Structure formats: C-alpha cells, structure tokens
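Some notes on the structure that comes next.
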Amino acid sequence: MAHLIQTLQDRLAAAIERVAGAEHAGTDPLLRPSAQPRFGDYQANVAMSLGKAIGTPPRKLAEAIVTAVSWDDVCEKVEVAGPGFINFTFRTAFLDEQLAGMAADPRLGVAAAASPQTVVVDYSSPNVAKQMHIGHLRSTIIGDAIARVLEHLGHRVIRQNHIGDWGTQFGMLIEYLAQSGQEAGDELKVADLEQLYRAAQQRYEADETFAARARRRVVDLQAGEPTAVKLWKALVEESKRHFAGVYRRLGVLLGDEDVRGESFYNEMLPQVVRDLEALGLLHESEGARVLYPPGFRNAESEPLGMIVRKRDGGYLYATTDLAAARYRIATLGADRLIYVTDSRQNQHFAMLFAALREAGWAPAGVRLEHVPFGMVLGKDRRPLKTRSGRNVRLDEVLDEAVERADRIIARKNPDLAGPQRREVAEAIGIGALKYADLSGQRIKDYIFDWDQMLAFDGNTAPYLQNAYVRVRSIFRKGEIDPRTLPAGAIGIAQPSERDLALRLLQFPAIVAAVADSLEPHRLCGFLYDLATAYHRFYENCPVLSAGEPALRNSRLVLCDLTARVLAGGLELLGIGTVEQM
RNA sequence: GCGCCCGUAGCUCAGUGGACAGAGCAGCGGUCUUCUAAACCGCAGGUCGGUGGUUCGAAUCCACCCGGGCGUACCA
C-alpha cells in the first residue's frame, strides 16, 4: 500500500506533467507538512519555483496543478494561497483508511526496498588488548542504528567490526605475556586488559632489553612464529570476549562473525601495492611509495599523499583500508560502503575514496560514504576524561547509567522492585545513554550530561519509553489484547486524534529518510513529536471510558498503533521498551 | 598558511529554499476523586556569530570576515 505522502506525490507528479509537459514530469513537488494548521495538512511549494522556470505566474500554475487532476478521494480541500502555495487537507475518511492499512501491516507501512542492496557497515572497531572506552561509544551506537534501519528496509547488511588486532604494539604485549609465565596454548585470563597494556608499555619504555625483545616479537609474529602467534591469538580471543560482553549489554548487534580485524587483510597488502604500481598511481617520496589523489594539499601546499608502503617496507592504515574496501566491493559484493568513524578522519576517507575511484576499485555505481560524528565532551566542553585524565571505560559508563536509572525508578515508582526493577533500570539506563548519542546531529560534538539524558521530559529515551508504558497501561487496565482489535475500526473524531494520525503516517517516510541520509537523529525527532502528539491525545481523549464502543475501539487502535510505532522506532535505534516503569 | 566541521533563547538542542524561527531545562503561573501528573496547558525569553550576494522568498545556498574545534603523509 502506498503511504499517504507517496499518494500525494504521485498525483502531483501526474498533475505537473499534464500542466508543464513531460520534460518537467520529474520535478520535485516540494511537498512538506504544513507550517500551520490553517494551511492544511501538507503543502506543495513547487508552483513558485517551477512557475519561474517555465515563465508561468506561480499562482496561475498552482491553480492549473490543482485542477489538472482529481483530489476528491484523498483531500477534502485543496487551496492555492499566498504567492502559489498549494495547501492540502486530507479527507478524514482517507486518513482512517490509511491508518487501518498501517495497523494491519506488521511492517507499519514501511515497505521493503524494491531493489535490495548489499551494504557494508563498518563500525565500532575497538582495539585488541585495550578496554573499550567512551571513544568507542558513538561509532558503536550510531553504526548499529544505521545497520538496523538498512536491514529493516530489506537490504543485505554486512556488519564489519574492523578491530585493531595488528601492529607493532603487539610485540611488547607478547613479550610481556611470555615473561609473566603465560604459556602458548593457555587460555588467556586477563581481568583488566587496560592494566596489561599499561604494564607492558611501562616496561617497554623503561627496559631497553625488554624493548629489544619486544621488537623481535613483532618480527616473529609477522613471520608466523608459533609462540608469538599463539599469544597474539590468545590476546585477540580475550579481547573479543570483552567486546562481546559490552555489545550484549549495550544491545548492539555485533557478533563474533562480524569481526574482521586489520590482520585479515595482511596477506593482501603486497598485492594492493603491486596493483597500484601497475596502474601507475604510485610515486616515490623519501623512500616511501605514495599515492596522490588529486586535490589534496599539505601544510606547505604541496600535494598531499597517502603512503601505502613505508620506507622500511611496512604498510599503513591507508593500505589496509584500500585492501578492505576492495575486498568488500569485489568479494562481498557491496553496493554501498559505510564507515562510521569520528569526524577527524574526514580527510583520510576523502582521500581513500578518491584513491578507490582512481584505481577503479570502486565503480561509479558503488556508493562510498563516511558517516562522521563529533566528540563526546564533558560539561566543561573538553573531551570527556576521568579525573585522572584517562579515557572513561565503557563498562563503567554502562554501570553508572543503570545505577542512576535504578535510583530514579526507586524514587518515582516504589512499587517496582526486585528483578523487574533491575530489568527496567537496565532498559532505561542503557536506552538513555544510547538515545543521548543518537538524538542530536551526529556531526556535532555533544555534551555528556547524566541528568539531561535521564530526564523524563524532553527529547530523551525515558520520555519515549514512558509514552510507550502509558499506552500499554491502558491495555493492561482494560484487560484488552490489542491483537483482537479490529484494525479497520478507526474513525478520527477529535483534532488531537487527527494530529496523532498525521504523525503516525509519517513513519515510513522518516525511516526512508534515515536510510538515505544516515542520520538517526531524524528518527529520534519524529518519535519525540509522536510521543508529544500522543500525550496531547491522551489528555483530550478518554479511551477506556470513551462511551460509544465504536469510538473506544477507534481510540484503542490509535493507541496500539502508537505503541507499535514507538517500540518499532526505538527498536530501529537499538533501544528497548518495558511494560512498566 | 591550506582544508574540513561547528556557531540558533540564560543552558542543552531541533529546524527539508517557503508563510509570524521551535522544543526541553532553568524562571513565572495554572491543571490530578477520572487510562502512570514520569503528563498536559499558559506566560516570558531571539540583531539565527557578522557583512555582502543569489532568489519572488535565506537560519538554510554562495563569497568574505569574526569566534571555536579538528586535520595537515612513514600512528589509526
């Protein structure tokens, strides 16, 4: 079933073609929700811009568009106003019908993509042998939301957790483990990875003999020497267990099968360089092999290059990223590559994409996208750190989120206790944390503020979760199973019902917009507006005591639809709901 | 220096080239014998960093400037 915006859009396209000719058939009708109720439900602004282009007075063109096709089945009123706005007011019966269709649809009107794509989403990417910290939060949460949305739309989503499991730092870690009696083959038990890392680093800096042995271990590892490899593998395995624990708690859909670390591409690196050589794209600079994508300048305004092979023959992240992208396109069959990393890597990805195009490894049809995001700042507007200046550990952040949520629930709803309260605290705390990260424009830095993210007012997860709870509480109180409701029972009677209906019907378009823009905050904004519309409805429209059975049924269906969109929308963001809070 | 990003109410943030710029918090004032008041309603609060430009129309697009952040090859 075409959703209502699509219906209007299609009809506008037909009208424009009839009035302005086939060459303007594809013109965007500039359909928007109306700025004010007196301008109807939706407005099309196409007449002003198109009128100018084809030399017809906008008002005249608007009137021609209005009379070119019939709107009667959809709109009770179509008016031309001001300089050439076309204002549409839907027929209530049409809205009823649309809502009924949405209510009967398990996908809530969100159609699966007509031509599914293979999309690789690269996100999270923590480092082996280190605790996950606050710096991994945004990539993990935003990337997961994006992957969920694309998957829901029927795309084949391949998650890639590009963990940092390779590099010279493993020399000191291996040497440290070996010296502390860790036997190759033992399962590694490292309670605190961060501590191990620091200890190894300290030793490396203080002890020259140790450092020399550590460097030797790097060579061993690269050569596949069994002891070095075993210890390295043990480190990777322990780290993956740590990551999995954090992901489970965060409700992030990254599993072991999604882990494809830097080491995976090792054996491809020489070939990458050879192929770039063969393409004539590499130049010599101070002993390194360098690719210069056009348009990049360094501090001295000389061409800025990507080093793909160091003077000493080693490879860098640029080489690995090239190999990974090529693998994802050629082997995994990706139509779209998405990288969710902080905005500081903007230039790196711009160069990487330019290089991929230049090498012909990313054909024109493949979409390459960096999804940049800003930093997490403390209230002092400086990057968030602990008092001692260290990175804030993610598991500590999660604990604190749940603790704080638990305290709030204990205060506000003393009836809730025991394991149920714990479960609710988990959903509220983690949800609040994730939502705070998702609800603003991702490119901006955001200020990490417990009180704000856990507030039950404003654009927060608890507010949305509470709106859901309030809906569900109606069904509990009325002892009604929403599945037994007749979906077709909707009959809008009140203005606040109509506002709620229009809001609900936007859901499919919003999900599509998020999939295209990769901006989850749009979905957040929508859910917040929906919850607000529901609360107004809730104030004005008694449900259980609605009197007439038809009205009561209609409102119950509206309630259920609201609950399903709220829960479904939050689910797309990776945030859970609870029945009571 | 060059490049990228940010600048909207006291604070935290929305805002798709369209009609008088919107929320939440904080402030002031209302509304619970009635489905969770964890809510709702109202009042007050703005040279949309600045100056030009494009446009019938600019917070939104362009140029320059002012603030702030980040990047600027042998880490990732």
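Every chain is numbered from 1 and lettered A, B, ... according to where its sequence line falls, protein lines coming before strand lines. Bear in mind the structure is a predicted one, so any value in this text is a computation, not a measurement.
When heavy atoms are screened at a 4.0 angstrom cut-off, A:Gln580 is found touching base atoms of the nucleic acid. The residue A:Pro542 sits close to a base: some heavy atom pair falls under 4.0 Å. Among the atoms of the strands shown, none is found under 4.0 Å from any heavy atom of A:Asp449. Within the nucleic acid shown, A:Met375 comes within 4.0 Å of sugar-phosphate atoms alone, with no base atom in reach, counting heavy atoms only. Backbone-only engagement by A:Ile443 is indicated by non-hydrogen atom pairs under 4.0 Å involving sugar-phosphate atoms exclusively. Heavy atoms of A:Arg32 sit under 4.0 angstrom from at least one base atom. At the heavy-atom level, A:Ser285 lies under 4.0 Å from base atoms of the strands shown. Nucleic acid contact class of A:Gly440 (heavy atoms, under 4.0 Å, all strands): sugar-phosphate only. A:Val471 comes within contact range of no nucleotide atom at all, as no heavy-atom separation falls under 4.0 Å. Residue A:Ile447 is in sugar-phosphate contact alone, with no base atom involved, counting any heavy-atom pair closer than 4.0 Å across all strands shown. Residue-level contact check: A:Phe537 touches neither bases nor backbone, having no heavy atom under 4.0 Å from any strand. The residue A:Asp415 sits apart from the nucleic acid: no heavy atom pair falls under 4.0 Å.
The phosphate of B:C40 (OP1 or OP2) has a side-chain N or O of A:His535 nearer than 4.0 angstrom. A sub-4.0 Å separation between OP1 or OP2 of B:C41 and a side-chain N or O of A:Arg536 is present. Between A:Tyr463 and the phosphate of B:C40, there is a side-chain N or O to OP1/OP2 separation shorter than 4.0 Å. Between A:Lys379 and B:C11, a side-chain N or O to OP1/OP2 separation shorter than 4.0 Å is absent. Taking 4.0 angstrom as the limit, A:His521 places a side-chain polar atom (N or O) nearer than this to OP1 or OP2 of B:G15. The phosphate of B:A14 (OP1 or OP2) has a side-chain N or O of A:Lys444 nearer than 4.0 angstrom. In this model, the phosphate group of B:A73 is not approached by any side-chain N or O of A:Gln347 to a distance below 4.0 Å at OP1 or OP2. A sub-4.0 Å separation between OP1 or OP2 of B:C70 and a side-chain N or O of A:Arg382 is absent.
Taking atom C1' on both B:G30 and B:G69, the two are 44 Å apart, rounded to the nearest angstrom. When the C1' atom is compared between B:C4 and B:G57, the two are found 30 Å apart, to the nearest whole Å. A gap of 24 Å separates the P atoms of B:A58 and B:C5, to the nearest Å. Nucleotides B:G29 and B:A21 are separated by 25 Å at their C1' atoms, to the nearest Å. Only the C1' atoms considered, B:U8 is 16 Å distant from B:G68, to the nearest whole Å. Separation of the C1' atoms belonging to B:A63 and B:A9 is 29 Å when rounded to the nearest angstrom. A gap of 7 Å separates the C1' atoms of B:C62 and B:U54, to the nearest Å. Taking atom P in both B:C25 and B:G1, one finds a spacing of 43 Å when rounded to whole Å.
A donor and an acceptor atom never sit less than 3.5 Å apart when one is taken from the side chain of A:Tyr534 and the other from the base of B:A39. A donor N or O paired with an acceptor N or O is not found under 3.5 Å between the base of B:A26 and the side-chain atoms of A:Asp457.
Nearest approach of A:Leu221 to A:Phe170, heavy atoms of both residues: CD2-CB, 4.0 Å. When all heavy atoms of A:Ala325 and A:Tyr339 are compared, the pair lying nearest together is CB-OH, 3.6 Å.
The aromatic rings of A:Tyr534 and A:Phe537 lie tilted to each other, with the angle between the two planes from 30° to 60°. Classification of the A:Trp232-A:Trp166 ring pair by plane angle, with boundaries at 30° and 60°, yields perpendicular.
Checked against the 6.0 Å centroid threshold, A:Phe264 and A:Tyr327 count as a close aromatic pair. In this structure, the ring of A:His162 has its center no less than 6.0 angstrom from the ring center of A:Tyr123. Centroid-to-centroid, the aromatic rings of A:Phe243 and A:His136 stay 6.0 Å apart or farther.
Within residues 38-49 of chain A, the residues having any heavy atom closer than 4.0 Å to RNA chain B are, in order of number, A:Arg38, A:Phe39, A:Gln43, A:Asn45, A:Met48, A:Ser49.
Inter-residue side-chain proximity for A:Arg59 and A:Pro57 is flagged as unmet; no heavy-atom pair is nearer than 4.5 Å.
Nearest-nucleotide assignment on RNA chain B puts the 5′-proximal partner with A:Ala455, out of A:Ala455 and A:Glu579.
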### Message
Dot-bracket, 5' to 3', for RNA chain B please: Watson-Crick or G-U pairs under 3.5 Å, [ ] where pairs cross earlier ones, | where the partner sits on another strand, dots elsewhere.
### Response
(((((((..((((....[...)))).(((((.......))))).....(((((..]....))))))))))))....
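With values rounded to the nearest 0.5 angstrom, A:Met453 atom CE is found 9.0 Å from A:Arg404 atom CZ. Atom CG of A:Asp445 sits about 7.0 Å away from atom OG of A:Ser343, to the nearest 0.5 Å.
No aromatic stack links A:Tyr538 and the base of B:A39, using centre distance under 5.5 Å and interplanar angle under 30°.
Cation-pi geometry between A:Lys412 and A:Phe456 is met: under 6.0 angstrom from the ring centre, within 45 degrees of the axis.
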### Query
So A:Phe85 and A:Phe39, ring pair (Phe, Tyr, Trp, His ring centres under 6.0 Å) or not? Walk me through it.
CA-CA 9 Å; A:Phe85 297 106; A:Phe39 300 140; 7.1 Å; no
